[in-house]
Amino acid sequence: MRNLNITPPWLIMTLDLFAVAFSLFLSMVIRANFNLPNAIHSTDWIYAPILILIIRFIFFEIFQTHHLVVRYTSTKDVFKIFWSCFFATLVIAFINFVVFSIKKSFIIPNSIWMMEFFITTVLLMAYRFSFKIYFLETMNPSRSRKNIVIFGAGDSGIITKRTIERDNASKYNVLAFFDNAPAKIGMQLESLQVYDSKILDDYLSVNNISFLIIAIQKISNAEVKAITDIALAHNVKVLKVPPVSRWLNGNLSFKQIKKVKIEDLLERNPIQLDLSLLNPELNGQTILITGAAGSIGSEIVRQLLQFNYKELVLVDEAETPCFFLQDELLRANGLKNISLYIHSICDRKQMEKVFERHRPNLVFHAAAYKHVPMMEKNVRSAIKTNVEGTKLMADMSVQYGVKKFVMVSTDKAVNPTNVMGASKRIAEMYVQSLNFHQDTTKFVTTRFGNVLGSNGSVIPIFRQQIEDGGPVTVTHPDITRYFMTIPEACQLVLTAGAMGKGGEIFIFDMGRSVKISDVAKKMIQLSGLTLDKDISIEYTGLRPGEKLYEELLANEENTLKTDNEKIKIAKVRSIEYQTLLPEIEKLIGLQDADDFSIVAQMKAVVPEFKSKNSVFEAIDNSNKTIAQDA
């Protein structure tokens, strides 16, 4: 159904032709020095106006200028109008020249059609912009709009302003630009003042501003955080313009300007690793990824798509995530040279078939159980997947001649206080000892903190709780964690695969740890809600096995530098393979034993494993009593 608020094309054509007739009349008057009788006799009043109107009409139809929506007149529309007038004028000039060649007289003086061209072009543009301004001021008056300031007075900022003004449904009124570039401060951009970013705090305190839009394409997370903190202190919502590469057909849409996400407010700048280093390691290789449908595994797959691999072999036991991954890859590259299997890494027969069929050169091992409270209550599952499954993958890698095996680990493996962290530490110990026990496969481990946005991580949980109206649940007011984004985590895994010589545990410079309660408060503010008024935070107490502070390095460990200042190698105590193997086999063999017996063996393998807020603290207390009695 046609929108009745839009001026019909026939009316626009009528107005355009009236503009042409007026322009022609004004041109004649000007040529006759404003003497109306002389103007009337200065040309042929029967043929000339009719000829010009017909030609103008034809070219208006060709360029469809009357189908342009007047209220949304843009630069592109202006060019269309100009070219329709220009080419019509060329035809008029040509006809005038032909008539002169035959009759030795012009059908219309050259000065008249020249003036008519300029006057018509200006009039067509002027009345359109006049209607546009009238519509903006009457249908969307400034007093009913919400005020906006734009941070960034460059091209992106100007385009953002124009986008807002073009989108009348937004009902926003742009008041000013802010920038920290000295050359821009004090300038007038499209009738708006450019202010120094240093006075942003004062400006927001005395003006009624609803939104601040960050419109700088290259801006550090530290700058985004500083700007956001100032805005949120004055209850100003913060939006961010996406990168130009994500604009629709190269044009910014108002709907693309999104809220700043908590991921944009990391306490450090995102780490960009040189992926060109990976080409020699990945090109032409058959690469096996376990846990391929998980948060980390699927991102590794996405990043591998940019390389000239021979084949990707993807393994995961979760059917639904595998379905979505397959669908994504089908759209991305038609599943070219990609095989996907729904297998458990603990299924020896199935995994042997995969290794035998594909003979991988590289293995990225991301399959694991990772949730601390869940594994505290499901000890056998933690051992089955994280220890036995890792051992099976590592042993098969040696058996089938894999060149390099890269294992994804966690900061919870450092001085573990829970079953999950201890199981990952045991897996680390096994692959490291196996590395020095044979010469076929190089084993490398990557260790990092919490991954923003991964399945089951705190960010999606908080986001859902906020959408549900709260409360937002945090275990302890002082609990802190290290954070990184999923792409950063996967870049570390891939880079470790390229840098690793075998036996290393790579750690990431993740900046300083962040209070989870601060993350929750910031997410509430970013959602436009007020803490303790619209939504509250509820402290639920530490969960079983959870500790207040995570570590990336144990106390007795030190680090070695690498060529990348953001990546270091942890020096950890090494254990001989022949010494460790019987202890791990004993642990795996306890699947029918009770949880306390299994955890006791884990503590024997990992002496630094001290349970916290867990029923398994009884084992530590018992060992302490025995030691004291001895």
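- Checking Leu53, Ile55, Leu123 one by one against Val20, the side chain to side chain contact (heavy atoms under 4.5 Å, CB included) holds for a single residue, Leu53.
- For Asn147 (side chain) and Asn208 (main-chain N/O), a donor-acceptor pair under 3.5 Å exists by modelled atom type.
- Distance alone, capped at 3.5 Å, places no donor-acceptor pair between the Gln303 side chain and the Ile300 backbone.
- When side chains are defined from C-beta on, Lys515 does not count as touching Lys521, because their heavy atoms never get closer than 4.5 Å.
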Between Asp518 and Lys522, is a salt bridge (charged side-chain N to carboxylate O under 4.0 Å, His left out) present by the stated rule, with each step listed? CA-CA 6 Å; Asp518 289 344; Lys522 192 77 70 177; over 6 Å; no
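- A donor-acceptor contact shorter than 3.5 Å is absent between the side chain of Asn207 and the backbone of Ile209.
- Considering CG of Asp16 and CG of Leu124, their distance stands at 5.0 Å, rounded to 0.5 Å.
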Are Ser23 and Met115 close enough, and set up right, to give a side-chain contact (heavy atoms from CB on, under 4.5 Å), and what steps lead you there? CA-CA 8 Å; Ser23 300; Met115 283 189 288; over 6 Å; no
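- The six-membered or imidazole ring of Phe87 lies near that of Trp83, with a centre-to-centre distance under 6.0 Å.
- Between Tyr195 and Tyr203, the closest heavy-atom pair is CE1-CE1, 3.9 Å.
- At least one side-chain heavy atom of Phe82 sits less than 4.5 Å from a side-chain heavy atom of Met125.
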Given Ile92 and Arg56, is the side-chain contact (heavy atoms from CB on, under 4.5 Å) satisfied, shown in steps? CA-CA 9 Å; Ile92 292 168; Arg56 292 280 181 220; 4.3 Å; yes
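- Closest non-hydrogen pair, Val301 versus Ala292, comes out as CG2-O, 4.3 Å.
- Taking a cutoff of 4.0 Å between a charged side-chain nitrogen and a carboxylate oxygen, Lys225 and Asp229 qualify as a salt bridge.
- Listed here is the closest heavy atom pair of Leu325 and Ser298: CD1-CB, 4.2 Å.
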side-chain contact (heavy atoms from CB on, under 4.5 Å), that's the test. Do Ile213 and Val241 meet it? Break it down for me. CA-CA 7 Å; Ile213 300 179; Val241 175; 3.7 Å; yes
Step by step, work out the side-chain contact (heavy atoms from CB on, under 4.5 Å) result for Phe94 and Leu90. CA-CA 6 Å; Phe94 176 75; Leu90 286 182; over 6 Å; no
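- Side-chain contact between Leu494 and Leu304 is present, with at least one heavy-atom pair separated by less than 4.5 Å.
- What you find for Ile296 and Ala489 is that their closest heavy atoms are CD1-CB, 3.9 Å.
- Residues Ile199 and Phe178 form a side-chain contact, since some pair of their non-hydrogen atoms from C-beta on lies under 4.5 Å apart.
- Ser84 contributes no side-chain N or O that, together with a main-chain N or O of Phe59, makes up a donor-acceptor pair within less than 3.5 Å.
- Looking at Thr120 and Glu116, their side chains do bring a donor and an acceptor atom within 3.5 Å of each other.
- When side chains are defined from C-beta on, Phe60 does not count as touching Ile12, because their heavy atoms never get closer than 4.5 Å.
- In this structure, Val236 and Val149 have side chains that are not in contact, with every pair of non-hydrogen atoms separated by 4.5 Å or more.
- Between Tyr309 and Leu282, the closest side-chain pair of non-hydrogen atoms is not below 4.5 Å.
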